[in-house]
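Here is the structure we will look at.
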Amino acid sequence: MKDINFKTVFNDIFIELQPLENKGVAASYIPELAKIEPDKLGIHLVHIDKGNFYQGDSQERFSIQSISKVFSLTLAMRILGGELWSRVGVEPSGTAFNSLIQLEVENGIPRNPFINAGAIVICDVLMSYLDDPKADLLNFVRKIANNQSLQYNEKVAESEKLTSDRNKALIYLMRDFGNIHNDVDEVLDLYFYLCSIEMNCCELAHSFMFLVSGGVDLTTGEMIVNPSQAKRINAVMQLCGFYDEAGEFAFKVGLPGKSGVGGGIVALHPGKYAVAVWSPRLNKKGNSYMGMKVLELLTTKMEDSIF
């Protein structure tokens, strides 16, 4: 990477975005998410050698939603290793994140662990192996983020339960195919709480640094996953991290990453940095409208992507 003044790059990005109309709409199908101030914008980048750089609303916590599926996948891989892939695939879905049609055609095996059905299967795996799934999962996220203050948002989790008919349809269909092994309500409860985890851009960027460093927690030196597993998690993010807009993100940004309908996006360059952006208004694909713009400008101005 050339010598980059990240503060200047961030300033330039925010200036360029000022006249741009934010055409996105905040998620409203989860009532609690609709209450968030929609015009927030924050960014935080952690460089493996150069430290922290940030701007805007980077310290305000928000519901990370599907970004949390990277954490549940990581924990499941630690438990099952390669056996995990008999129950969930690694292919881009090409359909909506809550599609029933694809799941029916493919005999209850979700395309990847980031669509709703795939993340629900991952939660079912965790239910089978963890003594106290909700507490153990949250403690794992706290561990990789090196932050014991992280919490579930109870109101968001309960709000998701009230609008969960499609997820119920997904899990019952998978159970019919034999791909759900635990109580349906308990698995869904874990899934809703997983998605309700609150973090800010700073905390998110730091929590993904183990995937920047080949699986190693840079603070403690502990291996969270082995290098092969880290490579595979990054690959799944590259292929599947943005619902059916993953190709667009790879084309314009050129980094593995993961988005959530809370308006957050995390992206990373292995060996270099992790960056988190938050802007609640979503595009038609369910990804942050401004967040996508920010990351496209970032890698363009830095002339740096994995390609």
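One is the number of the first residue; the rest follow in order along the sequence.
- Pairs engaging residues 133-179 under the ring-ring contact (aromatic ring centres under 6.0 Å, His included) rule: Tyr152-Tyr193 [sequence neighbours left out].
- With sequence neighbours left out, the ring pair (Phe, Tyr, Trp, His ring centres under 6.0 Å) criterion links Phe71 to Phe208.
- Listed by chain and number, the residues in a side-chain contact (heavy atoms from CB on, under 4.5 Å) with Arg281 are Asn22, Pro38, Asp39 (sequence neighbours excluded).
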Using the side chain to side chain contact (heavy atoms under 4.5 Å, CB included) rule, take Phe114 and Val70 through it: C-alpha gap first, then chi angles, then the decisive distance, then the call. CA-CA 8 Å; Phe114 295 152; Val70 178; 3.9 Å; yes

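- No path of Ile, Leu, Val, Met, Phe, Trp and Tyr side chains, each step under 4.5 Å between heavy atoms, connects Leu255 with Ile67, placing them in separate hydrophobic clusters.
- Ser228 is linked by a side-chain contact (heavy atoms from CB on, under 4.5 Å) to Asn226, Arg232, counting only residues two or more places apart in sequence or in another chain.
- By the neighbour-count criterion of 12 heavy atoms within 6.0 Å, atom CZ of Arg175 is sparsely surrounded, having that number or fewer from other residues, nucleotides or ligands.
- One side chain, Asn146 or Thr219, offers a donor N or O that lies under 3.5 Å from an acceptor on the other.
- Under the side-chain contact (heavy atoms from CB on, under 4.5 Å) criterion, Lys40 pairs with Glu37, Asp57, Glu60, Trp278, Pro280, not counting sequence neighbours.
- For the pair Asn182 and Ser128, the tightest heavy-atom approach, listed with the atom from each and the gap, is ND2-OG, 2.9 Å.
- Residues satisfying the side-chain contact (heavy atoms from CB on, under 4.5 Å) criterion with Thr8, sequence neighbours excluded, are Asn5, Asp12.
- Classification of Arg87 and Asp124 as a salt-bridged pair holds, one side-chain N sitting under 4.0 Å from a carboxylate O.
- A pairwise comparison of heavy atoms in Val261 and Gly286 identifies CG1-O, 3.8 Å as the closest pair.
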Working for salt bridge (Lys or Arg N to Asp or Glu O under 4.0 Å), residues Lys301 and Glu16: CA-CA 12 Å; Lys301 290 179 179 296; Glu16 285 190 41; 2.4 Å; yes

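- Every side chain to side chain donor-acceptor pair (under 3.5 Å) that Glu160 has, sequence neighbours left out, goes to Gln65.
- For OH of Tyr129, the number of neighbouring non-hydrogen atoms (other residues, nucleotides, ligands) closer than 6.0 Å is 12 at most.
- With sequence neighbours excluded, no residue satisfies salt bridge (Lys or Arg N to Asp or Glu O under 4.0 Å) with Glu154.
- The shortest side-chain heavy-atom distance between Glu21 and Tyr289 does not fall under the 4.5 Å cut-off.
- Counting only heavy atoms from C-beta outward, the side chains of Val88 and Asn179 never approach each other to under 4.5 Å.
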Take Thr299 and Asp304 through the test side chain to side chain contact (heavy atoms under 4.5 Å, CB included) and record every step on the way to the result. CA-CA 5 Å; Thr299 55; Asp304 185 66; 5.9 Å; no

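- At least one test fails for Lys50 against the ring of Phe53: distance under 6.0 Å to the centre or angle within 45° of the axis.
- Partners of Lys35 by side chain to side chain donor-acceptor pair (under 3.5 Å), not counting sequence neighbours, listed by chain and number: Glu32.
- By the ring pair (Phe, Tyr, Trp, His ring centres under 6.0 Å) test, Phe10 is found to be paired with no residue, residues two or more places apart in sequence or in another chain being considered.
- The side chain to side chain donor-acceptor pair (under 3.5 Å) contacts involving residues 239-267 comprise Ser66-Tyr243, Glu245-Asn283, Glu245-Asn287, Glu248-Lys252, Ser259-Asn287, where partners must be two or more places apart or lie in separate chains.
- Crowding of Leu20 atom CG: a count of heavy atoms from other residues, nucleotides or ligands under 6.0 Å exceeding 12.
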From CA spacing to verdict: side chain to side chain contact (heavy atoms under 4.5 Å, CB included), Val266, Val275: CA-CA 6 Å; Val266 182; Val275 57; over 6 Å; no

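- Applying the side chain to side chain donor-acceptor pair (under 3.5 Å) criterion to Asn52, with sequence neighbours excluded, gives His44, His206.
- Of the charged side-chain nitrogens involved, none lies within less than 4.0 Å of a carboxylate oxygen, so that Lys272 and Asp49 do not count as a salt-bridged pair.
- The number of heavy-atom neighbours closer than 6.0 Å to NZ of Lys161, taken from other residues, nucleotides and ligands shown, is above 12.
- Side-chain contact check for Pro270 versus Asn234: some heavy-atom pair is nearer than 4.5 Å.
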